[in-house]
Amino acid sequence: MLATVMTAALSVSAEAAGHEAPAPTIAPPFVVGGVLFAIFVVLMFVTLSYSNLGRRHEASDEHADPHRQHPNKHDRHQGASSH
């Protein structure tokens, strides 16, 4: 059934292609491609500019704050006094 539908769609599109003019474009294809390429290069540099944020400082352990509204339960007893 899928082959029948695909065959019918291809035959309809082949018949319509000869009777209709192609849709107008804003610019030639190489200009559109060049503009899209430039946009993606700019986005790539923006992405790469954020890539070193994790390497700015050495990682340090967070101190346990007993006055926190929602204290985490995974502080490995950093705030507890050792007796």
Side-chain angles (χ1 to χ4, degrees):
M1 177 162 170
L2 183 61
T4 307
V5 172
M6 287 177 53
T7 305
L10 288 175
S11 65
V12 168
S13 66
E15 291 173 8
H19 300 291
E20 296 179 9
T25 58
I26 296 172
F30 64 89
V31 174
V32 173
V35 169
L36 287 174
F37 179 74
I39 290 171
F40 283 126
V41 167
V42 168
L43 290 174
M44 179 188 69
F45 284 124
V46 169
T47 302
L48 288 176
S49 70
Y50 286 101
S51 67
N52 65 349
L53 290 179
R55 296 180 291 213
R56 283 188 178 177
H57 306 288
E58 290 296 320
S60 60
D61 288 333
E62 183 179 313
H63 70 281
D65 186 5
H67 303 293
R68 217 173 185 175
Q69 186 173 0
H70 298 287
N72 64 353
K73 306 296 184 198
H74 308 288
D75 60 357
R76 290 179 239 114
H77 307 289
Q78 294 172 1
S81 61
S82 58
H83 291 288

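Here, residue 1 is the first one in the sequence, and each next residue gets the next number.
Under a hydrophobic-cluster definition in which Ile, Leu, Val, Met, Phe, Trp and Tyr are linked whenever side-chain heavy atoms come within less than 4.5 Å, directly or via other members, Val35 and Met44 are assigned to different clusters. Grouping the Ile, Leu, Val, Met, Phe, Trp and Tyr side chains by contacts below 4.5 angstrom, directly or via other members, places Leu48 apart from Leu43.
When every heavy atom of Ser49 is checked against every heavy atom of Val46, the shortest pair comes out as OG-O, 2.6 Å.
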